[in-house]
2 protein chains.
Amino acid sequence: MLTTEDIGRIIRFHRKKAGLTQVQLARLAGVGKTVVFDIENGKESVRLDTLMKILAALNIRIELNSPLMAAFHERDDEKS
Amino acid sequence: MLTTEDIGRIIRFHRKKAGLTQVQLARLAGVGKTVVFDIENGKESVRLDTLMKILAALNIRIELNSPLMAAFHERDDEKS
DNA sequence: ACGATATTACCGCTTTAGCAGTAATTACAT
DNA sequence: ATGTAATTACTGCTAAAGCGGTAATATCGT
């Protein structure tokens, strides 16, 4: 299971690889510096849109997975 | 890119497959019924922990992916 | 069509996330 | 060791997330 601490570590890793400080990343993502710090430290009660802005700024994509996801995507195919 | 609307659709699909109503899922996940409705309808400003409780209740796992994730996991290996 | 169940909408209320500003602490160069 | 930049910590404030309760729609089986 992916925890918020894992998410924080992943974001910090990507930020450093990108050569950004927390403040720079915050500006880039359009969020406050406080929440960048919070997320990197595994805060659970952050807002989803805030997290997604940061992930997008670092080119990290979210994926959901389960045994039912195949069936879900087949359902998408019907629409096309 | 995975949007919050996608997340909502995925959750609704899993909930129905599990034979649960929104209220039942809410109780199961330990959250309010309102937020289950909100998330299924793509609300962006939900809290991450709330979303994760619902995902856990439905056995859906979150994954983050990027070109740098391989390098990140190699870093984990050093610890073991 | 009817009744039962589920979903959606709206309501106050309480809690708190996010913010900028600032200060303190830590890390990292030279 | 000293100075510079980065991280962490704290604060007061505003906006809003989440909550249960209730009511209005919508959905579905029979």
Verify the cluster assignment for Val46(B) and Leu2(A): are they in a single hydrophobic cluster under the rule of side-chain heavy atoms below 4.5 Å apart? yes
Are Ile7(B) and Thr3(B) packed together at the side-chain level, in the sense that at least one heavy-atom pair is separated by less than 4.5 angstrom? no
From the set dT8(D), dC19(C), dC19(D), return the single nucleotide nearest to any side-chain atom of Arg12(A). dT8(D)
Whole-Å distance between dG18(D) P and Asp38(B) CG? 7 Å
Taking atom P of dT5(C) as reference, at what distance in whole Å does atom CG of Leu25(B) sit? 20 Å
Measure from the side chain of Gln22(A), starting at C-beta and using heavy atoms only, and say which of dA9(D), dT7(D), dA9(C) lies closest. dT7(D)
Which of these nucleotides, dG18(D), dG18(C), dT8(D), is closest to any side-chain atom of Thr50(B)? dG18(D)
Rounded to whole Å, how long is the line connecting atom NZ of Lys53(B) with atom P of dA17(D)? 16 Å
Quick one: does Ser66(B)'s side chain have a donor or acceptor within less than 3.5 Å of a partner on Ile60(A)'s backbone? no
For Arg47(B) and for Leu20(B), locate the closest nucleotide of DNA chain C by heavy-atom distance; then report the residue assigned to the nucleotide nearer the 5' terminus. Leu20(B)
Just how far, in rounded Å, is P of dT7(C) from CZ of Arg9(B)? 17 Å
Could you check how far CZ of Arg27(A) sits from P of dC19(C), rounded to whole Å? 12 Å
Would you say Val35(A) and Leu20(A) are hydrophobically clustered, going by side-chain heavy atoms of ILVMFWY under 4.5 Å? yes
Is there side-chain contact between Glu40(B) and Arg12(B), with at least one heavy-atom pair below 4.5 Å? yes
Nearest whole Å is fine: how far is dA9(C) P from Asn41(B) CG? 7 Å
If you assign Leu51(B) and Arg15(A) each to the DNA chain D nucleotide with the nearest heavy atom, which residue ends up on the more 5' nucleotide? Arg15(A)
Measure from CZ on Phe37(A) to C1' on dA17(C) and round the result to the nearest Å. 15 Å
Need one value for Thr34(B): base, sugar-phosphate or nothing, where a base atom within 4.0 Å counts as base even if backbone is also close, heavy atoms only. base
Does Val23(B) reach a base, just sugar-phosphate, or nothing at all? Heavy atoms under 4.0 Å. nothing
So Lys43(A), base contact, sugar-phosphate only, or nothing? Heavy-atom distance under 4.0 Å. sugar-phosphate
Whole-Å distance, Asp49(B) CG to dT15(C) C1', equals 13 Å
Among dA6(D), dT8(C), dA17(D), which is the nearest nucleotide to the side chain of Ser45(B)? dA17(D)
Nearest to side-chain heavy atoms of Val31(A), which nucleotide of dA17(D), dC19(C), dT8(D): dC19(C)
Counting side-chain heavy atoms from CB outward, which of dG18(C), dA6(D), dG21(D) is closest to Lys33(B)? dG21(D)
